[in-house]
Amino acid sequence: MTEHEEATFDFAKIQEKWLPIWDELEPFRSDDPNDTRDRKYVLDMFPYPSGDLHMGHAEAYALGDVIARYWRHRNFNVLHPIGWDSFGLPAENAAIKRGLNPVTWTYDNIEQQKKSMRRYAASFDWTRVLHTSDPEYYKWNQWLFLEMYKKGLAYRKDSWVNWDPVDQTVLANEQVLPDGTSERSGAMVVKKKLTQWYFKITDYADRLLDDLDKLEGSWPSKVLSMQRNWIGRSQGADVQFAIEGRDEPVTVFTTRPDTLFGATFMVVAPDADLATELVAGADAATQAAFAEYLTEVQKSNEIERQSTDRPKTGVFLGRFGINPLNGEKLPIWAADYVLADYGHGAIMAVPAHDQRDLDFALKFDLPVKIVVDVPSADGEDNDPRTTGIATGGEGVMVNSGDLDGLTKKDAIAKAIDILGARGTGSKATNFRLRDWLISRQRYWGTPIPIIHGADGVEIPVAFDQLPVELPPTEGLNLQPKGQSPLGAAENWVNVPDPRDESPARRDPDTMDTFVDSSWYFLRFLSPRDSTQAFDPAEAKKWAPVDQYVGGVTHAILHLLYARFITKVLFDLGHIDFEEPFTALLNQGMVLMDGSAMSKSKGNLVRLSDQLEEHGVDAIRLTMAFAGPPEDDIDWADVSPSASNKFLARAWRMAQDVTSAVGADPATGDTGLRRVTHGVLAEAPVLIEGFKFNVVVARLMELVNATRKVIDTGAGGSDPAVREAAETVAMILDVYAPYTAEDMWEMLGHAPSVSRVVWPTADPTLLVQDSVTCVVQVDGKVRDKFDVSPNATEEELEATAMQTAGVIRTLAGREVVNVIVRAPKIVSITTKPSD
RNA sequence: GCGCGAGUGGCGAAAUGGUAGACGCGCUGGCUUCAGGUGCCAGUGCCUGCAAGGGCGUGGGGGUUCGAGUCCCCCCUCGCGCACCA
């Protein structure tokens with residue numbers, strides 16, 4: 001090699017060389033029925049086809065690929081598929097803006113992204129590609145909908161819904177951001193009363209919550225806590241209050257039935273039907289005051305409603321309820337701190353022990369009655385009436401009849417018993433979670449497979465009539481206008497009633513695209529199956545997903561929906577598992593100068609430019625080396641050119657190998673072999689613990705050690721150098737497949753390095769022949785010496801006592817204790833000098 | 001307010017309770033080239049000292065331990081999530 005001219009590392013040339021060869025070899029197919037190895041299903045969240053891939057994709061797919069390629073080297077049959085989440089508003093809006101057909105626009109983008117992903121060398125099984133906007137895919141959304149409809153899990157109701165005035169469509173609760181704006185359009189969401197389709201996710205609230213415990217440790221704790229929070233289970237009681245002048249009692253939910261004796265008034269949500277009904281029985285002045293208040297409340301937007309220190313408002317409704325425990329007469333108020341859609345839209349107010357009720361009581365001069373004696377910290381006054389602070393802590397019941405003297409826990413149980421015996425209440429559980437609103441008034445989605453008869457009856461489309469395909473866009477106005485554009489496709493929407501051929505209409509709405517993504521991981525298992533959504537035999541082989549990789553932005557939305565649909569499919573008998581994703585990795589975001597990249601901020605880094613300048617491998621390696629995968633990467637802080645430098649260094653190392661293929665490494669440099677085998681042993685632990693950056697550091701150390709042997713040791717002919725170079729090539733494949741493949745060829749092997757099985761580290765090379773023993777005096781390191789790992793405690797102590805550092809430090813001091821932890825530490829304690 | 005998570009060099013970051021700062025960036029010096037934004041080698045936490053060495057050091061304060069970045073308690077700061085959910 002030294003005789004003739006050495007080639008220099010040219011990433012562009014290497015990329016060009018290997019891409020077509022890989023296309024030919026298809027090393028990542030996973031459909032061999034005779035493959036009996038253990039299996040791993042590694043899944044990256046699939047992309048929206050809006051524009052080309054960006055830096056965020058580059059990070060996500062680099063990290064997912066580390067995992068997929070790693071398990072292949074561990075001799076697993078790995079399923080690593082990719083597809084496109086190609087229905088949805090972003091695609092449709094972009095299509096409208098550019099005056100294009102959403103079909104053309106979407107599939108052009110998919111082609112662009114596919115090309116980029118191939119070049120990016122993501123190790124996908126390209127035979128399994130799916131697009132959710134293909135009729136062969138969304139047919140099975142419709143099947144799923146009908147299965148759920150049959151079970152009563154898909155239903156239509158008239159209710160207040162979130163309305164996006166820009167996109168002109170309804171949204172699920174999960175798609176409304178905390179500030180009350182739409183996740184998609186950014187518009188302030190308004191409430192509208194509409195008839196819409198829902199999936200009954202609330203039936204699964206308990207299971208969705210309880211099963212999170214199974215994911216503890218393999219899902220990020222942040223995602224688990226967000227989901228728990230979102231489902232928001234609270235335990236308590238439903239309590240019935242008789243209403244003067246009304247036949248039916250009003251039911252309220254409370255988590256503190258023990259404080260019933262402290263209830264001094266009741267509050268109803270002003271926008272609940274109940275408020276309107278109750279006030280109708282009051283005098284004209286009260287009715288007028290309420291009407292004015294309701295108008296006021298409806299004008300206020302979410303931001304105003306949610307501001308925490310906003311003063312309480314409300315009006316008296318002129319009606320009274322009766323406390324079921326003590327018969328006390330309680331005035332009923334309407335106030336917007338009570339929400340219409342939580343619990344029963346009405347509460348009992350216990351101002352002494354609930355801060356919100358206290359604020360309200362103090363403002364409107366309502367009585368405050370203490371029923372829990374909470375001891376104050378140091379004798380200070382803790383009377384809510386004077387401090388303005390409700391006492392919510394533990395205490396003993398007082399002023400509460402039969403509950404007096406009980407603790408909180410016992411009083412809750414007894415209160416529920418009493419209510420139950422009198423038939424005025426019972427134990428109850430409430431959830432924050434609401435049913436999933438799935439209908440959308442837009443074109444680019446799965447048509448809902450329902451026909452509405454002239455008599456208003458819902459008729460499910462027969463299975464053999466699926467898919468209900470979208471009509472062509474020709475002649476349709478896709479502009480958002482509050483009604484589905486499909487309603488105007490006369491030839492499509494007007495169909496004969498399946499019962500009697502009389503005129504009927506298709507449901508014009510389309511499904512939320514989160515329906516598409518809630519089961520796509522199953523479709524990958526048999527993507528071309530035209531007879532079923534997925535093949536149960538394949539599901540048995542592969543599912544659930546062993547490792548899911550994606551952004552934390554889907555912590556609630558997609559991940560909650562997918563868990564829900566998985567449980568539904570389990571209950572329907574289609575699958576034998578209840579959680580779709582066994583393990584989850586949330587990668588961080590790619591930032592620039594401390595903030596998310598955006599065109600408007602002017603800090604956009606284009607992936608295509610980076611790939612052009614540094615090459616695919618350098619970008620992938622940079623993503624992995626930047627830090628822990630879940631941390632954000634600030635592109636301003638990392639150095640793709642340094643990654644490139646390392647790749648070139650590794651590549652040159654392979655070039656310098658002059659020994660023959662198969663040369664016996666046992667005859668080579670033992671020091672280098674120890675490093676090589678150390679990496680072979682350690683890397684699996686590190687990769688499986690997602691410490692991808694540390695593995696890169698180990699590879700750098702190995703390359704540095706090899707360089708040293710080549711330049712100043714036995715040289716490139718040492719078989720240990722070959723062994724090191726082959727090890728680097730194999731492991732580097734998970735980060736930088738082009739460079740690794742080229743090294744592998746230089747080392748005299750046939751492609752593909754991605755198929756190389758991880759060699760077992762030689763245990764005799766993992767034992768060091770000498771270790772450093774540290775000597776501490778009073779906790780401070782004073783000396784160290786090299787010693788055999790088998791040295792006894794006595795030997796170590798004797799040696800330690802004679803080291804220069806110890807002798808110097810111990811001069812004039814008395815040793816009181818010596819602790820030896822062979823072979824690493826000798827710890828000496830001395831008598832403190834006075 | 002409640003709930004998660006995190007604070008380590010100039011920077012990105014390592015570290016089963018056992019040598020804090022691996023690896024890399026940046027910086028300094030040297031060698032090679034000398035057309036080099038190349039390659040190679042060495043140094044690089046802070047203070048002190050010619051040096052040997054010494055002192056300090058993982059947000060702050062306590063504690064457990066022979067030994068704490070790591071475990072426990074209190075506090076501060078930042079990030080994220082939820083937030084009038086009865």
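Letters go in sequence order (proteins before strands), and every chain restarts at 1. Please read all numbers here as calculations on a predicted model, not as lab measurements.
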Q | Length of the CD1-P vector between A/Ile731 and B/C23, whole Å | A | 17 Å
Q) Is the NZ or CZ atom of A/Lys312 positioned over A/Phe360's six-membered ring, under 6.0 angstrom from the centre and within 45° of the axis? A) no
**Q.** Which nucleotide in B/A86, B/C25, B/A14 has an atom nearest any side-chain atom of A/Ala642
**A.** B/C25
(Q) Could you tell me how far B/C46 sits from B/G21 if I compare only their C1' atoms? Round to whole Å. (A) 13 Å
**Q.** Out of B/G39, B/C80, B/G81, whichever nucleotide has its closest atom nearest the side chain of A/Met226
**A.** B/G81
Q.
Can you tell me which nucleotide in B/G24, B/A13, B/A20 comes closest to the side chain of A/Val781?
A. B/A20
Q: Check whether any side-chain N or O of A/Lys780 sits under 4.0 Å from OP1 or OP2 of B/U19, and answer yes or no.
A: no
Q | Paired nucleotide for B/G53 [Watson-Crick or G-U wobble; both distances under 3.5 Å] | A | B/U48
Q.
Taking any heavy-atom pair under 4.0 Å as a contact, classify A/Arg228: base, sugar-phosphate, or nothing.
A. nothing
Q: When you get a sec, tell me which of B/A86, B/G39, B/G18 is the closest nucleotide to the side chain of A/Phe253?
A: B/A86
Q. Which nucleotide in the list B/A15, B/G39, B/G18 gets nearest to the side chain of A/Lys645?
A. B/G39
Q: Check whether any side-chain nitrogen or oxygen of A/Asn693 sits under 4.0 Å from OP1 or OP2 of B/A14, and answer yes or no.
A: yes
Q) Contact class for A/Lys784 (heavy atom, under 4.0 Å): base, sugar-phosphate, or nothing? A) base
Q) How far, in whole Å, is B/G43 from B/C25 if one measures between their P atoms? A) 15 Å
Q | B/A15 OP1/OP2 closer than 4.0 Å to side-chain N/O of A/Lys691 | A | yes
(Q) Categorize A/Thr772 for me: base, sugar-phosphate, or nothing, with a 4.0 angstrom heavy-atom threshold over every strand shown. (A) base
Q.
Could you identify the nucleotide paired to B/C2, looking across every strand shown and requiring Watson-Crick or G-U wobble geometry with both distances under 3.5 Å?
A. B/G81
Q. With respect to the phosphate group of B/G39, does any side-chain polar atom (N or O) of A/Arg707 fall under 4.0 Å of OP1 or OP2?
A. no
Q: Assign A/Phe431 to base, sugar-phosphate, or nothing according to its heavy-atom contacts below 4.0 angstrom with the strands shown.
A: nothing
Q | Base-pairing assignment for B/U19 (Watson-Crick or G-U wobble, both under 3.5 Å) | A | none
**Q.** Side chain of A/Glu701 (C-beta onward), nearest among B/C66, B/C84, B/A22
**A.** B/A22
Q) Is the distance from OP1 or OP2 of B/A86 to the nearest side-chain N or O of A/Tyr337 less than 4.0 Å? A) no
(Q) Of the options B/G39, B/G55, B/A86, whose atoms approach the side-chain atoms of A/Arg782 most closely? (A) B/G55
Q: Please work out if A/Pro220 contacts a base, only the sugar-phosphate, or nothing of the nucleic acid, heavy-atom cut-off 4.0 Å.
A: nothing
Q | Polar pair under 3.5 Å, donor/acceptor by atom type, side chain A/Ser639, base B/C25 | A | no
(Q) I'd like to know if the side chain of A/Tyr735 reaches the main chain of A/Phe692, judged simply by a donor and an acceptor atom lying under 3.5 Å from each other, with no hydrogens or angles considered. (A) yes
Q) Regarding A/Arg432 and A/Asn229, is there a side-chain donor-to-acceptor distance under 3.5 Å anywhere? A) no
Q. Considering Watson-Crick and G-U wobble pairs with both distances under 3.5 Å, what does B/G36 pair with?
A. none
(Q) Whether A/Ser225 contacts B/G5 is assessed here as follows: a side-chain N or O lying under 4.0 Å from the phosphate OP1 or OP2. Is that the case? (A) no
Q: Check whether any side-chain N or O of A/Arg432 sits under 4.0 Å from OP1 or OP2 of B/A83, and answer yes or no.
A: yes
Q) Side chain of A/Asp631: nearest nucleotide among B/G53, B/C82, B/A13? A) B/A13
Q: Scan side-chain atoms only and decide if A/Thr727 and A/Thr676 contain a donor-acceptor pair under the 3.5 Å cut-off.
A: no
Q: Mind calculating the distance between CG (A/Leu224) and C1' (B/C82) to the nearest angstrom?
A: 16 Å
Q) In whole Å, what is the span from the NZ atom of A/Lys824 to the P atom of B/A20? A) 11 Å
Q.
Applying side-chain hydrogen bond (donor to acceptor under 3.5 Å, both in side chains) to A/Thr739 and A/Asp617, what does each step give before you reach the verdict?
A. CA-CA 7 Å; A/Thr739 308; A/Asp617 281 356; 2.6 Å; yes
**Q.** Stepwise side-chain hydrogen bond (donor to acceptor under 3.5 Å, both in side chains) check, A/Gln240 with A/Thr424
**A.** CA-CA 5 Å; A/Gln240 289 171 10; A/Thr424 52; over 6 Å; no
Q) Counting just side-chain N and O atoms, does A/Asn704 come under 4.0 Å of either OP1 or OP2 of B/C40? A) no
Q) Watson-Crick or G-U wobble partner for B/G69, using a 3.5 Å limit on both distances? A) none
(Q) Taking B/C72 as the reference, what is the distance to B/A13 when you measure between their P atoms (whole Å, please)? (A) 24 Å
Q.
Closer than 3.5 angstrom, by distance alone: can the side chain of A/Thr829 be matched with the main-chain N or O of A/Val816 as a donor-acceptor pair?
A. no
Q) Considering Watson-Crick and G-U wobble pairs with both distances under 3.5 Å, what does B/C27 pair with? A) B/G43
Q: Check whether the side chains of A/Thr251 and A/His344 place a donor and an acceptor atom closer than 3.5 Å, and report yes or no.
A: no
Q. Say you pick atom P in B/G45 and the same atom in B/A35; how far apart are they, in whole Å?
A. 36 Å
(Q) Rounded to whole Å, how long is the line connecting atom CZ of A/Phe360 with atom C1' of B/C84? (A) 12 Å
Q: Rounded to the nearest angstrom, tell me the gap between atom CD in A/Glu630 and atom P in B/C80.
A: 17 Å
Q) Which nucleotide, B/A86, B/C66, B/C40, lies nearest any side-chain atom of A/Thr829? A) B/C66
Q | Whole-Å P distance, B/G9 and B/A14 | A | 14 Å
Q.
I want to verify a distance call: between B/A14, B/C41, B/A86, whose nearest atom is closest to the A/Pro628 side chain?
A. B/A14
